[in-house]
Engineer: 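The structure's right below; bear with me while I get my questions together.
Naming convention: chains lettered A, B, ... in sequence-line order (proteins, then strands); numbering from 1 in each chain. Note that the structure is predicted; figures quoted are calculated from it, not measured.
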2 protein chains.
Amino acid sequence: MRLLVVEDEHALAEAAAEHLREAGHAVDIAVKLDDAQAAVRATSYDLILLDLQLPDGDGLTLVRDLRNRAASTPVLIATARDQIMQRIQGLEAGADDYLVKPYDLDEMLARVAAILRRADSSRASQRQFGPISIVPSAQVVYLNDAPVRLTPKEWAILDRLSRRPDITVSKADFEDALYGFGSEVESNAIEAHVSRLRAKLGRGVIETVRGFGYRMGKG
Amino acid sequence: MRLLVVEDEHALAEAAAEHLREAGHAVDIAVKLDDAQAAVRATSYDLILLDLQLPDGDGLTLVRDLRNRAASTPVLIATARDQIMQRIQGLEAGADDYLVKPYDLDEMLARVAAILRRADSSRASQRQFGPISIVPSAQVVYLNDAPVRLTPKEWAILDRLSRRPDITVSKADFEDALYGFGSEVESNAIEAHVSRLRAKLGRGVIETVRGFGYRMGKG
DNA sequence: GGTATTCGTCAGCAATCGGTAAGGTGGCGG
DNA sequence: CCGCCACCTTACCGATTGCTGACGAATACC
């Protein structure tokens, strides 16, 4: 597995990286937010171990960036004990788990292993809905074997719907998932995205459950 | 939804309760830890909004009590800005989220809604009544395996009935649950909805208990 | 640095909801 | 057997909710 460690304390970064390498992973290190973003853009990681307090910015912006680009890379956040608020925001922004610094290296390794295991099983190959096939690993959608280009937000919506096809997802849920918590969207942004998705994929793919939200059409 | 507001500042308690009632919840107020514990023992709440600083004790004991009794009632904690340690302890004791006092009423409402949503979707499962199956997570009802489309109000009524199938629910209870508390529905709105429900689901599903209210039909 | 996407917002339209009311039905006491 | 009262059913219409095309700002890409 290929991992990225984002940590400005050099000694800690090296120690963590070494521990992960002994466990058989390929590990890159970034000491600044800039470096991390460059690295993430250049390569696809299987997991990111992220310190929130960085010299040139808040680590959470990296998480939001990833999620806005619809990247599902798991993120494990490391934070000092007094930054509990950041921890919570981190989980809401789409992090997968957190560690309290200073952390035990073996515990870190255990968390990493747990997340990778989880991610692997949810990565699931491919999802079929009538004429639509969704390939999460490649973030590609096919309509009758013809590839369809989706924007990041469109993908995020379809991904969330198709992950639990039996569940109705409310617009409020989408807003919590696509944007932060405090950031209120005053309008019908979700409706607009759904409309665009339907234009690309056909009418039957996403069903409206009036008064509740949206759900995958039954194929 | 039935909520409990635990807060010794009378004005704030009333303001919060009023705001929640406007959102359609039934709200009780407790001004002391004692009252809160009595209330929790007497009734089952869907969520508790808890001030930690109370005249007769620490609000955390309430959280611990709940968790010790394996009650999963979600708890939203409110604390002053400088009580960070309490917040941390609160989250570790099993609270679901926290608010910094003084808080904006609308933000409070948003947090409450988010927690209720989370709790509701995790409650999941599925309820069977003869030819009817109710899937709360998808907000869908099946009649002989054919999906039936219900409006939000219809769903609310069926949901409330099916949650406690052995209980007869009075029309006043429905009005409390579907509208605010001091709601004046001058007409037969509930009867009309029940009628429309029966038209969609069949006659046997909802029984009339003349003079008292309605109850799920025994399948 | 210019161009193309993307995304949030808005407005107008369409569909559906839901409270109300009015007339009908049936159970129950007398 | 009668009348009353609780409940049922249906139509109506204002209010709400959702859909879609257009527009402009922000952003990414070359």
Side-chain angles (χ1 to χ4, degrees), chain A residues 37-38 40-42 61 64-71 139 141 148-158 161 168-180 182-215 217, chain B residues 23-24 139 148-161 168-180 183-215 217:
Chain A
Q37 283 178 326
V40 163
R41 212 151 301 178
T61 57
R64 295 225 172 79
D65 275 4
L66 280 171
R67 298 303 177 239
N68 278 338
R69 293 194 293 134
Q139 286 175 3
V141 177
V148 179
R149 286 192 50 188
L150 298 187
T151 72
K153 287 273 146 91
E154 287 164 5
W155 170 266
I157 288 175
L158 186 64
L161 281 172
T168 298
V169 183
S170 74
K171 272 175 279 194
D173 285 340
F174 280 120
E175 286 169 8
D176 279 3
L178 301 198
Y179 315 97
S183 63
E184 278 307 309
V185 187
E186 300 284 346
S187 80
N188 59 351
I190 303 297
E191 292 169 19
H193 281 302
V194 169
S195 178
R196 286 166 193 149
L197 263 172
R198 291 209 255 237
K200 289 182 180 178
L201 298 176
R203 292 305 162 91
V205 177
I206 300 176
E207 265 178 25
T208 301
V209 185
R210 194 167 225 275
F212 295 108
Y214 298 97
R215 181 181 51 175
Chain B
Q139 277 158 348
V148 178
R149 291 189 47 185
L150 298 187
T151 72
K153 283 282 174 344
E154 287 164 5
W155 172 268
I157 287 175
L158 186 63
D159 185 49
R160 190 160 173 77
L161 280 172
T168 297
V169 183
S170 74
K171 271 177 281 194
D173 286 342
F174 279 121
E175 287 167 9
D176 282 359
L178 301 200
Y179 315 98
S183 63
E184 341 85 34
V185 185
E186 302 283 346
S187 79
N188 59 349
I190 303 297
E191 292 171 19
H193 281 303
V194 169
S195 175
R196 291 192 268 244
L197 261 172
R198 291 208 256 237
K200 290 182 180 179
L201 298 176
R203 292 305 157 94
V205 177
I206 300 176
E207 270 179 18
T208 302
V209 184
R210 207 178 161 80
F212 293 101
Y214 299 97
R215 179 178 54 179

Engineer: Looking at every strand, decide which applies to T208(B) at a 4.0 Å heavy-atom threshold: base, sugar-phosphate, or nothing.
Structural biologist: sugar-phosphate

Engineer: Show, in sequence, the C-alpha distance, side-chain angles and deciding distance for V169(B) and L161(B), and conclude whether the side chain to side chain contact (heavy atoms under 4.5 Å, CB included) test is met.
Structural biologist: CA-CA 7 Å; V169(B) 183; L161(B) 280 172; 4.0 Å; yes

Engineer: With respect to the phosphate group of dG8(C), does any side-chain polar atom (N or O) of K153(A) fall under 4.0 Å of OP1 or OP2?
Structural biologist: yes

Engineer: Look at S187(A) and dT9(C) and indicate whether a side-chain polar atom (N or O) is within less than 4.0 Å of OP1 or OP2.
Structural biologist: yes

Engineer: What's the CG-P distance between L150(A) and dT6(C), to the nearest Å?
Structural biologist: 10 Å

Engineer: Reading DNA chain D in the 5' to 3' direction, which nucleotide is the first one with an atom under 4.0 Å from a heavy atom of chain A, and which is the last?
Structural biologist: dT17(D) to dA22(D)

Engineer: Measure CZ/R210(B) against P/dC28(C) and give the value in whole Å, please.
Structural biologist: 7 Å

Engineer: Can you tell if the side chain of E191(B) reaches within under 4.5 Å of the side chain of Y214(B), non-hydrogen atoms only?
Structural biologist: yes

Engineer: Rounded to whole Å, how long is the line connecting atom CG of N188(B) with atom P of dT25(C)?
Structural biologist: 17 Å

Engineer: Measure from CD1 on I157(A) to C1' on dT6(C) and round the result to the nearest Å.
Structural biologist: 13 Å

Engineer: For F212(B) and R196(A), find the nucleotide of DNA chain D closest to each by heavy atoms; which residue's nucleotide sits nearer the 5' end?
Structural biologist: F212(B)

Engineer: Measure CD/Q139(B) against P/dC17(C) and give the value in whole Å, please.
Structural biologist: 14 Å

Engineer: Could you pull out the closest heavy-atom pair between G211(A) and P152(B), with the gap in Å?
Structural biologist: CA-CG, 3.7 Å

Engineer: To the nearest Å, give me how far apart CZ (F174(B)) and C1' (dG19(C)) are.
Structural biologist: 17 Å

Engineer: Got V194(A) and T208(A) here, is their nearest side-chain heavy-atom distance under 4.5 Å?
Structural biologist: no

Engineer: From CD of E154(A) over to C1' of dT5(C), roughly how many Å is that when rounded to an integer?
Structural biologist: 11 Å

Engineer: Within this structure, what is the NE2-to-C1' distance between H193(A) and dT9(C), rounded to whole angstrom?
Structural biologist: 11 Å

Engineer: Could you label the plane-to-plane angle of the F212(A) and W155(B) rings as parallel, tilted or perpendicular, counting under 30° as parallel and over 60° as perpendicular?
Structural biologist: perpendicular

Engineer: Please check this pair: side chain of R198(A) against backbone of I206(A), looking for a donor-acceptor N/O pair closer than 3.5 Å.
Structural biologist: yes

Engineer: Does some side-chain heavy atom of L201(A) sit less than 4.5 Å from a side-chain heavy atom of V148(A)?
Structural biologist: yes

Engineer: Hey, which of these two, K200(B) or A192(B), hits DNA chain C nearer its 5' end, going by closest nucleotide?
Structural biologist: K200(B)

Engineer: If the threshold is 4.0 Å, N to carboxylate O, is there a salt bridge linking K200(A) and E154(A)?
Structural biologist: yes

Engineer: Tell me the closest heavy-atom pair linking S187(A) and E175(A), and the distance in Å.
Structural biologist: O-OE2, 4.5 Å

Engineer: Just to be sure I follow the notation: if a pair is Watson-Crick (purine N1 to pyrimidine N3 plus N6-O4 or O6-N4) or a G-U wobble (N1-O2 and O6-N3), each under 3.5 Å, what dot-bracket string does DNA chain D give, with | for pairs to another strand?
Structural biologist: ||||||||||||||||||||||||||||||

